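What follows is a short report on a single structure.
Given the structure is predicted, the values throughout are model-derived calculations rather than measurements.
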Amino acid sequence: KCGFIYDEESLSYNRTRKDEPQIERVTEEQLKAKNIIIQQAKNYTIEGDTEGRQEVVTVGRGSVWFITCGKAVKIEWSKESRDKATKYLDESGKTLVLNPGQTWIQMVPLAGKVEIE
């Protein structure tokens with residue numbers, strides 16, 4: 001279980017993991033993000049992988065949550081092929097403009113639970 005808690009003072013989100021602050025190993029500071037994109041995608045265990053690593057299918061299109069400055073909106077994503085960049089489009093179909101700062105793209109399995117409060 002992971003999440004983000006909005007900090008109104010810094011207009012950013014503090015990252016949590018297992019209901020505890022997620023700390024960066026070198027700086028020992030809590031991870032923060034200014035923009036969060038939550039994208040649900042099909043995933044499966046790579047056949048024959050002894051470590052149980054996952055393949056995440058990121059080619060296609062669909063909707064995602066874009067969260068920034070205390071607001072969450074549904075936007076659209078598309079990706080033509082593995083070697084192309086993912087495109088994120090706002091409600092009017094224009095390329096998404098991110099606020100300056102750290103952006104976190106959170107991939108979530110299709111069956112994963114996403115809660116936005």
Side-chain angles (χ1 to χ4, degrees):
K1 181 179 176 182
C2 62
F4 294 90
I5 299 172
Y6 185 57
D7 176 8
E8 289 185 26
E9 188 174 310
S10 68
L11 303 176
S12 62
Y13 297 84
N14 295 317
R15 171 98 171 149
T16 61
R17 185 169 171 263
K18 298 181 181 178
D19 293 322
E20 296 289 330
Q22 186 171 357
I23 305 299
E24 203 279 330
R25 292 179 193 169
V26 175
T27 65
E28 297 184 357
E29 294 179 6
Q30 186 170 10
L31 295 174
K32 296 179 181 290
K34 187 71 163 187
N35 307 290
I36 304 166
I37 295 173
I38 301 175
Q39 183 171 341
Q40 290 187 280
K42 180 179 178 182
N43 69 305
Y44 56 90
T45 302
I46 298 170
E47 188 175 334
D49 187 284
T50 58
E51 302 298 323
R53 286 179 277 250
Q54 297 284 297
E55 179 70 36
V56 180
V57 179
T58 58
V59 174
R61 61 180 55 251
S63 61
V64 297
W65 283 104
F66 173 55
I67 303 167
T68 191
C69 296
K71 297 179 182 175
V73 295
K74 280 277 196 173
I75 62 169
E76 298 296 316
W77 71 273
S78 66
K79 184 170 180 167
E80 296 175 14
S81 64
R82 260 183 99 113
D83 63 340
K84 300 284 184 183
T86 303
K87 296 177 183 176
Y88 296 100
L89 305 175
D90 65 18
E91 304 89 4
S92 62
K94 294 180 183 170
T95 300
L96 180 67
V97 177
L98 299 169
N99 287 311
Q102 180 79 23
T103 297
W104 190 289
I105 300 175
Q106 181 70 52
M107 301 302 287
V108 178
L110 291 177
K113 185 177 179 181
V114 175
E115 294 179 14
I116 298 175
E117 297 177 16

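Atom NZ of K1 sits in a sparse spot, with 12 or fewer heavy atoms from other residues, nucleotides or ligands closer than 6.0 Å. The number of heavy-atom neighbours closer than 6.0 Å to CD of E80, taken from other residues, nucleotides and ligands shown, is 12 or below.
Under the 3.5 Å distance criterion, the side-chain polar atoms of Q40 are matched with a main-chain donor or acceptor of G112. Between the side chain of T68 and the backbone N or O of K34, at least one donor-acceptor pair lies under 3.5 Å.
Using a 4.5 Å heavy-atom cutoff, the side chains of F66 and V64 are not in contact. Residues K32 and N14 have side chains in contact (heavy-atom distance under 4.5 Å, counting atoms from C-beta outward). Using a 4.5 Å cut-off on side-chain heavy atoms (C-beta onward), V108 and W65 make no contact. Counting only heavy atoms from C-beta outward, the side chains of I37 and L96 approach each other to under 4.5 Å.
Using a 4.5 Å cut-off between side-chain heavy atoms of Ile, Leu, Val, Met, Phe, Trp and Tyr, with links allowed through other members, L11 and F4 fall into the same hydrophobic cluster. By the rule that hydrophobic residues join a cluster once side-chain heavy atoms approach within less than 4.5 Å of another member, I116 and Y6 end up as members of one cluster. Under the 4.5 Å side-chain contact rule for hydrophobic residues, L110 and V57 do not share a cluster.
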Practice task
For R82 and E55, run salt bridge (Lys or Arg N to Asp or Glu O under 4.0 Å): C-alpha distance rounded to whole Å, both residues' side-chain angles, the deciding distance at 0.1 Å, then the answer.
Solution key: CA-CA 12 Å; R82 260 183 99 113; E55 179 70 36; 3.0 Å; yes
Handout entry: Derivation and outcome, side-chain contact (heavy atoms from CB on, under 4.5 Å), residues N43 and M107
Key = CA-CA 10 Å; N43 69 305; M107 301 302 287; over 6 Å; no
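Atom CG of D49 is separated from atom CD of Q54 by 9.0 Å, given to the nearest 0.5 angstrom. Remark: S12 OG to I36 CD1 distance equals 9.0 Å, nearest 0.5 Å. Summarising the geometry, atom OH belonging to Y88 is positioned 10.0 Å from atom OG1 belonging to T103; distances are rounded to the nearest 0.5 Å. Note that CD of E76 is 7.5 Å distant from CG of L89, once rounded to the nearest 0.5 Å. The distance from atom OG1 of T45 to atom CZ of R53, rounded to the nearest 0.5 Å, is 11.5 Å. Atom CZ in R25 sits 10.5 Å away from atom CG in L31 (nearest 0.5 Å).
V59 approaches S81 most closely through the heavy-atom pair CG2-C, 3.7 Å. Smallest separation of non-hydrogen atoms from N99 and N35: O-ND2, 2.8 Å.
For an aromatic pair to be called close, the ring centres must be under 6.0 Å apart, and Y13 with W104 fails this.
When each of Q30, E24, Q106 is tested with R15 by the rule side chain to side chain donor-acceptor pair (under 3.5 Å), just one qualifies, namely Q106.
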